[in-house]
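Note that ligands are numbered from 1 as they come in the structure, with each ligand's atoms numbered from 1 the same way.
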Amino acid sequence: MPPISTTSHASAPGKCILLGEHSVVHGHPALAVSLSTLRITTTIQTSSTSTSNPTATVILPDVCSVVTSLPLTFTCPLSSLPPPSPTKSNPHNLPTPPAFLPPLFLEALTALVSKTHKDPDDISPFLPFLTLIAYLHKSKSPQSSISVTITSAALPVGSGLGSSAAACVSCSAALLKLLVPLSTPALPHKKLINEWSYLAECIVHGTPSGIDNSVSTYGGACSFVKSDNPGDKPNMFFINIKKPLDIVITNTQVPKSTRKLVKMVGEKKQNHPNVINPVMTSMGEVCKSFVELIKKEKVDFDVVNELFTLSHSLLRVLGVSHPALELVLTTTNKYGVASKLTGAGGGGCAITLLGATDNSWGLDEATRTAVHNKLSGLRWNWTRFKTFRTVCGGEGVTWGDGESASATTKNGYRNWYGATIITGAITGFGVMATLAFLKAKK
Ligand SMILES: Nc1ncnc2c1ncn2[C@@H]1O[C@H](COP(=O)(O)OP(=O)(O)O)[C@@H](O)[C@H]1O
Ligand SMILES: C[C@@](O)(CCOP(=O)(O)O)CC(=O)O
């Protein structure tokens, strides 16, 4: 019998935390936006034959082995993946994730990967994706081989722009796509994608707030407060930013570990609660003031700059800045504009808010270009900074390779509550042609 093959694609965007990183882990409000042009795509191929032993393969072209410097790949018999704990089904008969992963499951998975990969840093990148395969594929199709490839077109790995969440969201989405005969994920599917990707993110980070996977799943601008009770749903609402925001992201290319930084801040909070709790409360207040500000038609740019400066100063107190990030701040301050770190800090990226994309508030266009050029020329330890000028928001997770989601944001701006401002019929025609092409390709 010839093999029966299926292919599934999904793509998910990175994110940028405008305000409230770290304090969000401890229950204070934060605001994040999707970065729809910076996406990670998961491609899945399955094939079933009645004769051969099915296998599970994970290919990570963007994550290199610390031992060989080659991209990480892993293959094992599908049957050797540890048995997942029982899951419940939602009303659409799709599996819902368990409240937590049994430690024995993760131990068995780690032991399995360690048969071929000796360094712990080469083992951990596979664990979230193998977990998702065990829960969402093996339990449904134990006779079918599966190959999962995770690729990032432009989203840098480990720089504070949510690559781990985008990878988990796109992988969860591509696996769920195999179980759903639809071309676009509806709201209940997005809810499930978000829940499964949070479970996978917990494997990468330990105690993530959940803001990264939420904004990568739903897109747009998300105000987020984690629940005090572990396991309870976060308080999350999407914000209608009146005027799309024009930002420059500067990647200092200094490596950092979110897991270590979050742990360090948690310990600081535990050791000095009377000092750190008020700092975090202030960070939440800065975020709340900013949310009120950007809902307005005309934003006071001086207040934006004050809030960004306050937020970064508070993050400094938590100990998560870095001299390379400080260089970004002093550089943009000379142009009268504030910057702040985004994500976990300790290196990674800084953001500079230039104003509204229609120039109704913020810097004038010439100064925006000058700031961007200046940042592009900076270096830290001889490594040149990488910059992206982009519009905040746009499409979240999609089934397909994400080309049209990215194109929509590049060519116009899609506000997340249906008010769509697309730059002209040429773009519309381009998107339709892309969709028609993709459909024909299927
Ligand atoms: N393209 C990718 N493919 C596979 N795993 C990825 C990819 N991008 C990120 N990851 C995972 O996420 C980790 C980085 O997470 P983190 O430090 O939080 O960075 P970020 O701030 O970009 O989310 C990587 O070490 C890897 O395990
Ligand atoms: C520091 C934190 O607030 C954001 C981390 O973002 P990133 O992993 O650096 O992209 C942690 C979290 O929210 O889980």
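At a 3.5 angstrom cut-off on N or O pairs, Asp212 does not count as close to ligand 1. Among the atoms of Lys256, some N or O lies under 3.5 angstrom from an N or O of ligand 1. Ligand 1 has an N or O atom lying under 3.5 Å from an N or O atom of Gly158, backbone or side chain.
Here the side chain of Ser163 pairs a donor or acceptor atom with the backbone of Gly158 at under 3.5 angstrom. Panel note: side chain Lys226, backbone Val25; a donor-acceptor pair is recorded below 3.5 Å. Here the side chain of Thr342 pairs a donor or acceptor atom with the backbone of Ile17 at under 3.5 angstrom. Looking only at distances, no side-chain donor or acceptor of Lys295 sits under 3.5 Å from a matching main-chain atom of Ile239. Side-chain atoms of Arg39 do not come within 3.5 Å of backbone N or O of Leu155 as any donor-acceptor pair. Within the 3.5 Å criterion, the main-chain N or O of Thr55 finds a donor-acceptor partner in the side chain of Ser145.
Under a 4.0 Å heavy-atom criterion, Gly162 is in contact with ligand 1. Within the structure, the closest approach of Ala165 to ligand 1 does not fall below 4.0 Å when heavy atoms are considered. Using a 4.0 angstrom heavy-atom cutoff, Ser159 counts as in contact with ligand 1.
Annotation: atom 9 (C) of ligand 1 to nearest protein heavy atom, Ser163 OG, 3.0 Å. The protein heavy-atom contact nearest to atom 6 (C) of ligand 1 is Val63 CG2, 3.9 Å. Residue, atom and distance of the protein heavy atom nearest to atom 3 (N) of ligand 1 are Ile150 CG2, 3.6 Å. Protein heavy atom in closest approach to atom 17 (O) of ligand 1: Thr258 OG1, 3.2 Å. With hydrogens left out, the protein atom closest to atom 24 (C) of ligand 1 is Val157 CG1, 4.0 Å, a heavy atom. If you check which protein heavy atom lies closest to atom 12 (O) of ligand 1, you get Ser164 CB, 3.0 Å.
Of the N and O atoms on the side chains of Ser339 and His312, not one donor lies less than 3.5 Å from an acceptor on the other residue. Side-chain atoms of Ser65 and Thr68 include a donor-acceptor pair closer than 3.5 Å.
Every atom of ligand 1 with a heavy atom of Gly160 under 4.0 Å away is listed here by number and element: 20 (P), 21 (O), 22 (O). Atoms of ligand 1 found under 4.0 Å from any heavy atom of Leu60 (numbered from 1 in listed order, with element): 4 (C). For ligand 1, the atoms lying closer than 4.0 Å to a non-hydrogen atom of Asp62 are 1 (N).
For Phe290 and Phe308, the distance between ring centers is under 6.0 angstrom.
Using a 30° and 60° split on the angle between ring planes, Trp399 and His189 fall in the tilted class, from 30° to 60°. By the 30° and 60° cut-offs, the orientation of the rings of Tyr218 relative to Phe238 is perpendicular.
With contacts defined as side-chain heavy-atom distances shorter than 4.5 Å, the pair Thr57/Val148 does not qualify.
Inside a 4.0 Å radius of atom 26 (C) of ligand 1 there is not any protein heavy atom.
For ligand 2, the 4.0 Å heavy-atom shell takes in Lys15, Ile17, Glu21, His22, Val24, Val25, Gly160, Leu161, Gly162, His205, Pro208, Ser209, Ile211, Asp212, Lys256, Thr258, Val262, Gly343, Ala344, ordered by chain and residue number.
Contact annotation: for Ala344 versus ligand 1, there are no heavy atoms closer than 4.0 Å. Proximity of His205 to ligand 1, defined as any heavy-atom pair under 4.0 Å, is confined to the side chain (atoms from C-beta onward). Residue contacts with ligand 1, taken as heavy atom pairs separated by less than 4.0 Å, involve Leu161 solely via the backbone atoms N, CA, C and O.
The pair Glu292-Lys288 fails the salt-bridge criterion, with no side-chain N (NZ, NE, NH1 or NH2) lying under 4.0 Å from an Asp/Glu carboxylate O. Electrostatic pairing of Glu195 and Lys190 does not count as a salt bridge here, judged by no charged N lying under 4.0 Å from a carboxylate O.
In this view, Arg384 and Arg379 satisfy the side chain to side chain contact (heavy atoms under 4.5 Å, CB included) rule, not counting sequence neighbours.
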